[in-house]
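Notes follow once the structure below has been shown.
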Amino acid sequence: MGLISGIFMGTIFGIALMSGWRQMMRYRGNKRVAKAVDIKLLGSLSRDDLKKICGDNFPEWISFPVYEQVKWLNKQLNKMWPFVADAATLVIRESVEPLLEEYRPPGITSLKFSKLSLGNVAPKIEGIRVQSLKKGQITMDIDFRWGGDPSIILGVEAAMVASIPIQLKDLQVFTVIRVIFQLAEEIPCISAVVVALLSEPKPRIDYTLKAVGGSLTAIPGISDMIDDTVNTIVTDMLQWPHRIVVPIGGIPVDLSELELKPQGKLTVTVVKANNLKNMEMIGKSDPYVVVHIRPLFKVKSKVVENNLNPVWDQTFELIAEDKETQSLILEVFDEDIGQDKRLGIVKLPLIELEAETPKEIELRLLPSLDMLKIKDKKDRGTITIKVLYQQFNKEEQMAALEKEKEILEQRKKLKEAGVIGSTMDAVGSGVGMVGTGIGTGVGLVGTGIGAGVGIVGSGFGAVGSGLTKAGKFMGRTITGQSSKRNGSSGTTTPVNSVQENGGAKPL
Amino acid sequence: MGFVSTVMGCTGFGAGVSVGLVVGYFLFIYFLPSDVKDPVIRPLIEQDTATLQRLLPEIPLWVKNPDYDRIDWLNKFIEYMWPYLDKAICKTAINIAKPIIAEQIPKYKIESVEFETFTLGSLPPTFQGMKVYMTDEKELIMEPSLKWAGNPNVILAVKAFGLKASIQVVDLQIFASPRITLKPLVPSFPCFANIYVSLMEKPHVDFGLKLLGADLMSIPGLYRFVQELIKDQVCRMYLWPRTLEVPIMDPTKAMQKPVGILHVKVLRAMKLKKKDLLGASDPYVKLKLTEDKLPSKKTTVKRRNLNPEWNEEFNLAVKDPETQALEFHVYDWEQVGKHDKMGMNVVPLNELSPDEPKVMTLDLLKNMDPNDVQNDKLRGQLVVELTYKPFKDEDIPKDFVDLRTVEKAPDGTSTSGGMLVVIVHEAQDVEGKHHTNPYVRILFRGEEKKTKHVKKNRDPRWEEEFHFMLDEPPTNDKMHVEVQSASSKIGLLHPKECLGYVDINLSDVVSNKRINEKYHLIDSKNGRIQIELQWRTSS
């Protein structure tokens, strides 16, 4: 009897114990999950959430800007800066100086940093924004500002002139750096980093060049030369959609997706312009149009003389790499003796165009693209264009890439030939160059021609190889990717019907 | 009878309990799902007041404290990266654990131990605020508040004696506030030599541990015991001031301190080329180590001699014998104008064996480019003797190994005396009326020391060290530190200007051994100067 009741009682007790345990499990489990949910919720609070939690005691010091402030990072950066500056100086010297030496333009016998210090003002990070625009990628935008006091003195030794130290002063860099992390499923989880400068807002890089103990006029066009090189590097190498791709961690992945590739073809027909502004004292303006998507590849229409309502009706083909962010820029100039005057400029974002549909648009010309600089609201006339955007398919894209490479080779050869020619007979070659119309900085030759024979050649050569230098430089810093990179970011195809006439390119 | 029935009853009860436990186990626990579901998260806006009430203790630090910064961008970054991070971490963890398991199981007669599932769940760790501290030392201190309430699911299946048992870890929660210190800061990337991590308070650890589906952590009492045990273990190792030290780089290398001395004896040159129009050249030799910022050393000029004998000795400090090289340049001295180059050569230091003098005869070249045709021309030869003497380990000054330790004073100081070391680090916001080229003048017991001049700078850095040998501790002494500015031009109007001064009482230094502080400058608007004082005694 006792045994049976004992067994019975025991069983009930055991079952009760188990169910109690289960209740406890559920309770603890729920508690933990609730906590996890709380932490998750509080991990990313928005303004409304915080309002709801805090009620009337909303902390005044909290704000929610698009670019989140990083005071702590700036504090650390400030403290660390003297050390970072020292370290960076060494690295820059070691990596850039041999490159400078290797790619120094002919005519300049030595190019070295005679002084390089990054100053004692640390860069500031105004804000950081993180988004995921594409699956498997993290996009980080860093609002970067550096109004530093670096002291950079370049020792330039030209063949004709003794060493001139050129100082780069008052460097200011205001830009938004876009860093894209390509994610991977292996430690360190990032297979590649893409770095670019956002084009909107436009990167601002200001500096003044000063010759120490002399004047910059010693080599004509040298300041233009440096300006132009810097400008081209920035806009055509770094500014979005152009980018630098750095593979990380030795994870073999296909990076071709990240690289910039020709995406489509834009056929532009410049039809006519109306009511242009008259810039000439006698007679009327002699207008022509310069069209580009990338500043490195401008195409120019013919000049219609003495006409404020010119009709050009010329067709150009341009390559677009990124429809989302790139724009077609049309500039109308007045051909003149000396510097050509700009009659107006207009920007057409490619995103407004529909693929495969021809469109005729009439655009109002503006005095400048920078809205802050527009003083007068006077009408500058209109320009009428026909545009057709065609998306490349895979084969066409490959073909465009191939063609690009070919033209790149051709350009290189021409450049070399031009340089050799220029050392022998500078003016002749300078003119010859304009005729072949390849150089980006050929406009410089124009500024240099009057100044001196040997120097013109050197100045021109410097620009030409300055560009290849930049291309190679980019390729160099990236391991194992150099050949590929040169093709895609160094220079792109100008599939132009009209070759650029560099001599007329205004600077 | 009563006794027997009691015994029977107890036995029955005992048997009944085990039967009941088994029945209860199968009834209530066995069929519970073992998978972990993602928690349903409703936006905060939709929550009721009760939930909000529950949230209050967990409000992030950046909301409550203005000195904590919000780092939402980092949280977002981790969130986007989490799925990838999860997979990568799990893969690595399994790869590390497998060989260890394989090694261990034969000892315990277990057939196999396998991970059935291994995932860290869908909830990433979050940083609920970041605080940084500013000190005058060469270090960065930051304190993130880390909270990870995840939903990981780790199932370990153990097979032994034909039976299979599973151990499952779920709902791991770790809240901690580590202090991360990067120090010392060094002038080469990544700009710090060590990472120190330590916990500022006891971390919160919570998790569920299921054995055969039953959560052991929900047995009352056991959970608390286990939690305390883990906390105490962690605290014993990493609770401040105990730290976890992660060396990143050797600070000695990073500081670029010399590791040896190079003795150079420039003996003679032969068959130099004639450069002057009238008479023979006037040669001298310049020598310099690559990557050295010091100015080159020069020999004397031998007038009118194309086979000069110098026999002059120089000592150079070597920082890295593997990469550095010694450059020789032979010049022709000129009364007026630029000195002509007569030739050069370079000797990489890794060609020298330590402590062995080596006499070298070097052909002089135009430049180091092997393809340059101009190098075929004979320019003469230079004979030098080189000896590289690396420092023995005990020679290397130890002070930079740990910046906090105060060195012993050198021998020969009297027992009560010592050495007062003054390190002038930097100043901020010093401004002169006419010019700001600041330098520091230190006056102590009639002795005057000056730092170098920093040109046109309101926030100069000097990092200069001065020594004063004293016979007794400077208990009642003061030190006068003055920031001055000298005109960069030879100005008659304002040759000198005082940008501020401060008198420092030295009695504190004697008792503290080391003081590193910022002092406000008198006669200056906002100027501050950072001065480090050390009192080194031989005892």
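Letters A, B, ... mirror the listed sequences (proteins, then strands); counts begin at 1. As the structure is a computational prediction, the values presented were derived from the model and not from experiment.
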If you look at every heavy atom in [X] and [Y], which pair is closest and at what distance?
{"X": "B/Lys91", "Y": "A/Glu186", "answer": "NZ-OE2, 3.5 Å"}
{"X": "B/Gly20", "Y": "A/Ile15", "answer": "O-CG1, 3.4 Å"}
{"X": "A/Pro65", "Y": "B/Arg70", "answer": "CD-NH2, 4.1 Å"}
{"X": "A/Gly43", "Y": "B/Asp72", "answer": "O-OD1, 3.2 Å"}
{"X": "B/Asp69", "Y": "A/Lys71", "answer": "OD2-CB, 3.6 Å"}
{"X": "A/Ala87", "Y": "B/Cys191", "answer": "CB-SG, 4.1 Å"}

Chain B: which of [options] shares the most heavy-atom pairs with it under 4.5 Å?
{"options": "A/Val33, A/Leu73, A/Asp49", "value": "A/Asp49"}
{"options": "A/Val37, A/Ile62, A/Ile12", "value": "A/Ile62"}
{"options": "A/Ser19, A/Pro59, A/Ala16", "value": "A/Ser19"}
{"options": "A/Ala34, A/Gly119, A/Gly127, A/Ser46", "value": "A/Ala34"}

Go through [options] and name the one with the most non-hydrogen pairs under 4.5 angstrom from chain A.
{"options": "B/Phe192, B/Phe127, B/Phe175, B/Tyr68", "value": "B/Phe175"}
{"options": "B/Val23, B/Leu123, B/Val132, B/Ile141", "value": "B/Val132"}
{"options": "B/Leu182, B/Thr135, B/Leu27", "value": "B/Thr135"}
{"options": "B/Ser218, B/Ala214, B/Ala149", "value": "B/Ser218"}
{"options": "B/Val63, B/Leu74, B/Asp86", "value": "B/Val63"}
{"options": "B/Gln128, B/Lys147, B/Glu79, B/Gln173", "value": "B/Gln173"}

If I measure from the heavy atoms of chain B, does [X] come under 4.5 Å with its side chain, its backbone, both, or neither?
{"X": "A/Val91", "answer": "side chain"}
{"X": "A/Leu50", "answer": "side chain"}
{"X": "A/Ala88", "answer": "both"}
{"X": "A/Gln137", "answer": "neither"}
{"X": "A/Lys75", "answer": "both"}
{"X": "A/Leu183", "answer": "both"}
{"X": "A/Ile128", "answer": "both"}
{"X": "A/Ala85", "answer": "neither"}
{"X": "A/Leu42", "answer": "both"}
{"X": "A/Asp38", "answer": "both"}

Exercise. So, are B/Glu58 and A/Lys35 salt-bridged, with charged N and O less than 4.0 Å apart?
Worked result: yes

Supply the atom-to-atom distance [X] [atom1] to [Y] [atom2], rounded to the nearest 0.5 angstrom.
{"X": "B/Ile78", "Y": "A/Cys189", "atom1": "CD1", "atom2": "SG", "result": "11.5 Å"}
{"X": "B/Leu55", "Y": "A/Lys52", "atom1": "CG", "atom2": "NZ", "result": "10.0 Å"}
{"X": "A/Lys79", "Y": "B/Tyr133", "atom1": "NZ", "atom2": "OH", "result": "14.5 Å"}
{"X": "A/Met24", "Y": "B/Tyr223", "atom1": "CE", "atom2": "OH", "result": "10.0 Å"}
{"X": "A/Ile53", "Y": "B/Gln53", "atom1": "CD1", "atom2": "CD", "result": "11.5 Å"}
{"X": "B/Asp171", "Y": "A/Lys31", "atom1": "CG", "atom2": "NZ", "result": "13.0 Å"}

Do [X] and [Y] have side chains that get closer than 4.5 Å, going by heavy atoms?
{"X": "A/Trp21", "Y": "B/Leu216", "result": "yes"}
{"X": "B/Trp73", "Y": "A/Val70", "result": "yes"}
{"X": "A/Trp72", "Y": "B/Lys131", "result": "no"}
{"X": "A/Ile7", "Y": "B/Val19", "result": "no"}
{"X": "A/Ile190", "Y": "B/Tyr84", "result": "no"}
{"X": "A/Ile39", "Y": "B/Thr126", "result": "yes"}

For this session: Look only at the side chain of B/Lys76 and the backbone of A/Ser132, and say whether a donor-acceptor pair between them is shorter than 3.5 Å.
Result: no

Problem set entry | Verdict with supporting geometry, B/Asn457 and A/Asn120, side chain to side chain contact (heavy atoms under 4.5 Å, CB included) | CA-CA 9 Å; B/Asn457 204 327; A/Asn120 50 10; 2.8 Å; yes

Does atom [atom1] ([X]) have a neighbourhood of more than 12 heavy atoms from anything else shown, all under 6.0 Å?
{"X": "B/Met81", "atom1": "CE", "result": "yes"}
{"X": "A/Tyr27", "atom1": "OH", "result": "no"}
{"X": "B/Lys64", "atom1": "NZ", "result": "yes"}

Problem set entry | Residues in ring-ring contact (aromatic ring centres under 6.0 Å, His included) contact with B/Phe77, at least two apart in sequence or another chain | A/Phe181

For this session: Report the residues that fulfil ring-ring contact (aromatic ring centres under 6.0 Å, His included) with B/Phe189, sequence neighbours left out, ordered by chain and then residue number.
Result: none

Quick one: what part of [X] sits under 4.5 Å from any heavy atom of chain A, side chain, backbone, both or neither?
{"X": "B/Pro83", "result": "neither"}
{"X": "B/Trp148", "result": "neither"}
{"X": "B/Asn65", "result": "backbone"}

Seminar exercise, completed: From the list A/Arg28, A/Arg32, A/Arg26, salt bridge (Lys or Arg N to Asp or Glu O under 4.0 Å) with B/Asp215 holds only for A/Arg32

Exercise. Using a heavy-atom distance cut-off of less than 4.5 Å, which residues of residues 7-15 of chain B contact chain A?
Worked result: B/Met8, B/Gly9, B/Gly12, B/Phe13

Seminar exercise, completed: Residue pairs passing the side chain to side chain donor-acceptor pair (under 3.5 Å) test with at least one member in residues 57-69 of chain A, sequence neighbours excluded, are A/Tyr67-A/Arg129

